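Quick notes on the structure that follows.
Please read these numbers as outputs of a predicted model, since none were measured by experiment. Note that these values count all heavy atoms, side chains included, but never hydrogens, waters or copies made by symmetry. Letters go in sequence order (proteins before strands), and every chain restarts at 1.
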2 protein chains.
Amino acid sequence: MFTSSEENYLKAIYHLGITSNKGVSTNAIAKRLRTKASSVTDMVKKLADKNVLVYRKYQGVSLTKEGNKTAANIIRKHRLWEVFLVEKLNFNWDEVHDVAEQLEHIKSPKLINELDALLGFPKYDPHGDPIPDNEGNLDQIEKSLLATLTINEFGICVGVHDSSSTFLQFLDKQKIALGQEITVIEKEDFDGSMTIKINNKKISISNKIANNLYIQKVQNGQ
Amino acid sequence: MFTSSEENYLKAIYHLGITSNKGVSTNAIAKRLRTKASSVTDMVKKLADKNVLVYRKYQGVSLTKEGNKTAANIIRKHRLWEVFLVEKLNFNWDEVHDVAEQLEHIKSPKLINELDALLGFPKYDPHGDPIPDNEGNLDQIEKSLLATLTINEFGICVGVHDSSSTFLQFLDKQKIALGQEITVIEKEDFDGSMTIKINNKKISISNKIANNLYIQKVQNGQ
DNA sequence: AAATATTTTTAGTCTTGTCTAAAAATAAAT
DNA sequence: ATTTATTTTTAGACAAGACTAAAAATATTT
């Protein structure tokens, strides 16, 4: 069994490990958890003793098979709780994160299995992120950042890269939501902004926005 | 804001304070929390500094108004989660306690208000214990221990005194559940056991059982 | 009321998870 | 290939919350 703190480290390392295929650095973990590098070194040694990660001094860490499964399970819980909050308790998608951070540490296999059933075995959380199954597997759909689409390409908005509440609230204001069809009308070379068609309206969005929205291409895609 | 540990102390003192109108003793708290008296003294000083209880050396403690409200709120959360587990997640009433002990420490007013609404604003938990409202008030119904009923008295089973899983499982086996009508047929002076009618069957129960079942009298009662 | 038993508190220690400051290793730059 | 910069680790400290053992206060007996 792991403490909440240990679970948070595992989750952080899992997320950071997805992008880099090298070991995850001490500093990267410290930054993500808003803690100090020295604290990370301490914890990482402890987790290595517990066989959930491999640690070589100055070389960063990587999760073992067991560590990976453990981390995926925490993320599974986090995302299922997010679905619950939105679907059953009328939370908006920008309100769920902090509560789910607490709920993810509750220990009860029955609880999470029954919750999964209550929610109808969802495959994605309210931000479009996939929910790992009990074995830690998650199905990755083919999705592209909106910024990478070319003119006339279109698809369904299926996720956000940044899930900060400021970004999500911005999307709410612009009436941009998951499941909507988006077509690229125009792209500006100068600042990377683009005009898109959504809800049968044309709106202009900055490059930063386009780099934080995931689209599942419907046509012209691979 | 309080730590989980502080909350557990407040809850314990609240429960112990209901019976005794004197200060709650250090040892009583220690026993209930399965900890040592010295640990209790430490924590009690800290809580006194936070103005949730009054502490005088060697005289035990009592909750302040604020402490009482805080404790009631934790119990409110605990019992609402218990209802959720039974009503929505197919938990049996003997399985909910440990999970609710974890869930009660989750911090989110919106979460608990929405949960309350989802459950239809229940007034009692699965063991028949009343759920405090947001102000910490709880409605106490008139209930008596089955052991105190006299022959031919009858009423509805509305709660259990002991909510250990062994007792609850015993009740399941005997097909005794909340909401059922129970009539006292016979009482044995020798050992305090009694014969009762329930589900149109006569069964014999020990004094210990009768001392752990709450009945709301329907007739002959006050 | 003195003697004994019990309860409570104090004093000091331990573990977990964090921190700061300094040392050591690695990476980058001239 | 040295020097400089960055990253990482070590060493030592601290707060929270628990513990043991001893001292002090309160209760109970006789």
So the side-chain hydrogen bond (donor to acceptor under 3.5 Å, both in side chains) pairs with at least one residue in residues 114-129 of chain A (sequence neighbours excluded) are A:R76-A:D116, A:E82-A:H127, A:E114-B:N90, A:Y124-A:D139

Which heavy atom in B:A72 sits nearest to a heavy atom in B:G136, and how many Å separate them? CB-CA, 3.6 Å

Could you pull out the closest heavy-atom pair between B:L168 and B:D162, with the gap in Å? CD2-O, 4.4 Å

Using atom [atom1] of [X] as one end and atom [atom2] of [N] as the other, report the distance to the nearest whole Å.
{"X": "A:N27", "N": "D:dT8", "atom1": "CG", "atom2": "C1'", "answer": "7 Å"}
{"X": "A:L33", "N": "C:dT18", "atom1": "CG", "atom2": "C1'", "answer": "12 Å"}
{"X": "B:K31", "N": "C:dT6", "atom1": "NZ", "atom2": "P", "answer": "14 Å"}

Could you identify which residues of residues 49-63 of chain A place a heavy atom less than 4.0 Å from some atom of DNA chain D, listed by residue number, or say none? A:Y55, A:K57, A:Y58

Would you please name every residue forming a salt bridge (charged side-chain N to carboxylate O under 4.0 Å, His left out) with B:R32, sequence neighbours left out? none

Who passes salt bridge (charged side-chain N to carboxylate O under 4.0 Å, His left out) against B:E6, sequence neighbours left out? B:K46, B:K50

Check the interface with nucleotides 19-21 of chain C: list each N/O to N/O pair with the protein under 3.5 Å, or write none.
| residue | atom | partner | partner atom | Å |
| --- | --- | --- | --- | --- |
| C:dC19 | OP2 | A:T35 | OG1 | 2.6 |
| C:dC19 | OP2 | A:K36 | N | 3.0 |
| C:dC19 | OP2 | A:S39 | OG | 2.8 |
| C:dT20 | O4 | A:S38 | OG | 2.9 |

Between C:dT18, D:dT8, C:dT10, which one does the side chain of A:T26 approach most closely? D:dT8

When you check the phosphate oxygens OP1 and OP2 of D:dT10, does a side-chain N or O of A:K45 lie under 4.0 Å from one of them? yes

Checking [X] now: which residues fulfil side chain to side chain donor-acceptor pair (under 3.5 Å) with it, not counting sequence neighbours?
{"X": "B:Y214", "result": "B:H161"}
{"X": "A:S4", "result": "none"}
{"X": "A:D98", "result": "none"}
{"X": "B:K208", "result": "none"}

What residues from residues 1-8 of chain A pass a heavy-atom cutoff of under 4.0 Å to DNA chain C? A:T3, A:S5

Got a sec, which residues hit side-chain contact (heavy atoms from CB on, under 4.5 Å) with A:Q59, two or more places apart in sequence or on another chain? A:R56

Can I get a per-line list of side-chain donor-acceptor pairs under 3.5 Å for residues 35-43 of chain A, giving both atom names and the distance, sequence neighbours left out?
| residue | atom | partner | partner atom | Å |
| --- | --- | --- | --- | --- |
| A:T41 | OG1 | A:A37 | O | 3.2 |

